[in-house]
Amino acid sequence: MLRDVKNVKRTQVLTMKELNVKVVILGAQGVGKTSLVTRCSSHTFTRYTNATVGAAFSKIVMPAHGYTINMQVWDTAGQEKYRSLAPLYYRNAVAAMLVFDITCASSFAEVQAWTRDLLNNVPSELVLVLLGNKLDLESQREVARETALNFAAQIYAVYFETSALTSDGVEAAFEHIGLVMGKQAVEHLKQTGRPLACVQSTINLSSNEYQRNHSGNNCC
Ligand SMILES: Nc1nc2c(ncn2[C@@H]2O[C@H](COP(=O)(O)OP(=O)(O)OP(=O)(O)O)[C@@H](O)[C@H]2O)c(=O)[nH]1
């Protein structure tokens, strides 16, 4: 009996497949990019945040389609003065989260500009997710859901409305990326007989690193 248990454990270790994926988060200042990552990784929300300087790195781990997806998340600064740095962070990214604030029309215009820059600099197979954040402030909405859905359709993105405050939609958005990547890995293995190469990015280990173990629910 004991031997059987040991064998099962060994099999699980041997069949554990890992996929490192680089995810970049872009959008105007104050739309809630950092808050979304913090909500997903540590289930907390802070009203008073500091503006991101350059970019911040976090790690989010989740299971998907038999893989352990290690998301290397680069949360970029929204301030205009850091905009020229963004290409440094989206190089080699396999997915991008494009964030605007549903209560701020100018942030929607800005996310479209960020998207144009991104798409001019990265391969077209990038997984795109458009996030309309601050859904808890529905009464102050300036960007109609339809308008956002139309833009998402134009760029082949999936649209989520989220609230980092209440956590609505946040896990689903990160989970979507994990599921797409896991599915791609499964299909690649089926078609080629070879595992999908991990997408590695340079990780600054001195920066914040959050990791959730996957004994909890399926996401983040
Ligand atoms: N009501 C509400 N406030 C939010 C939400 N998400 C973020 N905020 C607030 O919006 C402000 C800015 O949030 P950040 O997460 O720092 O925004 P950011 O996009 O990372 O900003 P930069 O680092 O300057 O690019 C903070 O006061 C947050 O508490 C949300 O979903 N609802």
Side-chain angles (χ1 to χ4, degrees), residues 12-13 15-27 32-33 35-43 57-76 89-90 92-100 111 115 118-119 122-133 135 145 148-149 151-164 166-201 203 209-220:
Q12 284 170 341
V13 170
T15 55
M16 181 63 76
K17 293 167 282 186
E18 295 208 21
L19 207 58
N20 295 335
V21 299
K22 182 178 176 182
V23 180
V24 67
I25 309 194
L26 301 169
K33 301 179 296 297
S35 302
L36 288 162
V37 177
T38 308
R39 167 58 72 193
C40 191
S41 56
S42 59
H43 305 280
F57 172 77
S58 301
K59 193 172 170 191
I60 291 175
V61 182
M62 71 177 72
H65 293 291
Y67 283 80
T68 296
I69 312 288
N70 297 313
M71 282 194 194
Q72 300 158 6
V73 181
W74 288 93
D75 164 25
T76 63
Y89 299 108
Y90 52 64
N92 296 328
V94 294
M97 290 187 140
L98 305 157
V99 188
F100 69 94
V111 86
T115 306
L118 173 73
L119 296 181
V122 293
S124 55
E125 61 270 19
L126 195 73
V127 176
L128 295 181
V129 175
L130 179 67
L131 301 187
N133 191 40
L135 185 60
R145 189 179 160 80
L149 279 168
F151 176 58
Q154 280 170 32
I155 59 170
Y156 301 101
V158 174
Y159 179 56
F160 290 89
E161 294 202 328
T162 55
S163 167
T166 65
S167 86
D168 273 355
V170 180
E171 290 200 350
F174 282 91
E175 194 175 45
H176 172 76
I177 293 176
L179 288 171
V180 171
M181 296 317 302
K183 195 167 174 208
Q184 278 183 12
V186 169
E187 280 167 8
H188 187 273
L189 185 63
K190 235 190 254 167
Q191 282 166 15
T192 66
R194 282 178 286 112
L196 188 65
C198 289
V199 181
Q200 300 284 2
S201 66
I203 302 172
E209 182 168 328
Y210 305 108
Q211 178 160 0
R212 213 187 119 169
N213 95 35
H214 26 97
S215 56
N217 63 17
N218 250 14
C219 175
C220 350

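Excluded from the calculations below are hydrogen atoms, water molecules and symmetry mates; all remaining heavy atoms, backbone and side chain alike, are included.
Ala148 approaches Leu130 most closely through the heavy-atom pair O-CD2, 3.5 Å. Nearest heavy-atom pair, Asn133 versus Ala164, reported as atom, atom and distance to 0.1 Å: OD1-N, 3.3 Å. Between Leu19 and Met181, the shortest heavy-atom contact is CD2-O, 3.6 Å. Taking every heavy atom of both residues into account, Leu36 and Phe174 meet most closely at O-CE1, 3.9 Å. Smallest separation of non-hydrogen atoms from Cys40 and Val170: CB-CG1, 4.1 Å. In terms of heavy atoms, Ala152 sits closest to Tyr159 at CB-CB, 3.9 Å.
Taking CD1 of Ile69 as the start and CG of Leu179 as the end, the distance is 8.0 Å to the nearest 0.5 Å. Atom CG of Leu189 and atom NZ of Lys17 lie 6.0 Å apart (nearest 0.5 Å). For the atom pair CE of Met62 and CG of Asn70, the computed distance is 10.0 Å after rounding to the nearest 0.5 Å. Taking OG1 of Thr115 as the start and CD1 of Ile155 as the end, the distance is 4.5 Å to the nearest 0.5 Å. To the nearest 0.5 angstrom, Asn92 atom CG is 12.5 Å from Asn20 atom CG. To the nearest 0.5 Å, the span separating NZ on Lys33 from OG1 on Thr38 amounts to 12.0 Å.
By the 4.5 Å heavy-atom criterion applied to side chains, Gln184 and Val94 are not counted as neighbours. Side-chain contact between Leu118 and Leu98 is present, with heavy atoms from C-beta onward closer than 4.5 Å.
Although no hydrogens or angles enter the test, the distance criterion places a donor-acceptor pair under 3.5 Å between the side chain of Lys22 and the main chain of Tyr89. Formation of a donor-acceptor pair under 3.5 Å by the Thr76 side chain with backbone atoms of Ile25 is found in this model.
Between Trp74 and Phe57, the angle of the ring planes lies from 30° to 60°, which puts this pair in the tilted group.
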**OP:** Please test Leu119 against Leu128 for side-chain contact (heavy atoms from CB on, under 4.5 Å), starting from the C-alpha separation and ending with a verdict.
**Re:** CA-CA 10 Å; Leu119 296 181; Leu128 295 181; 3.9 Å; yes
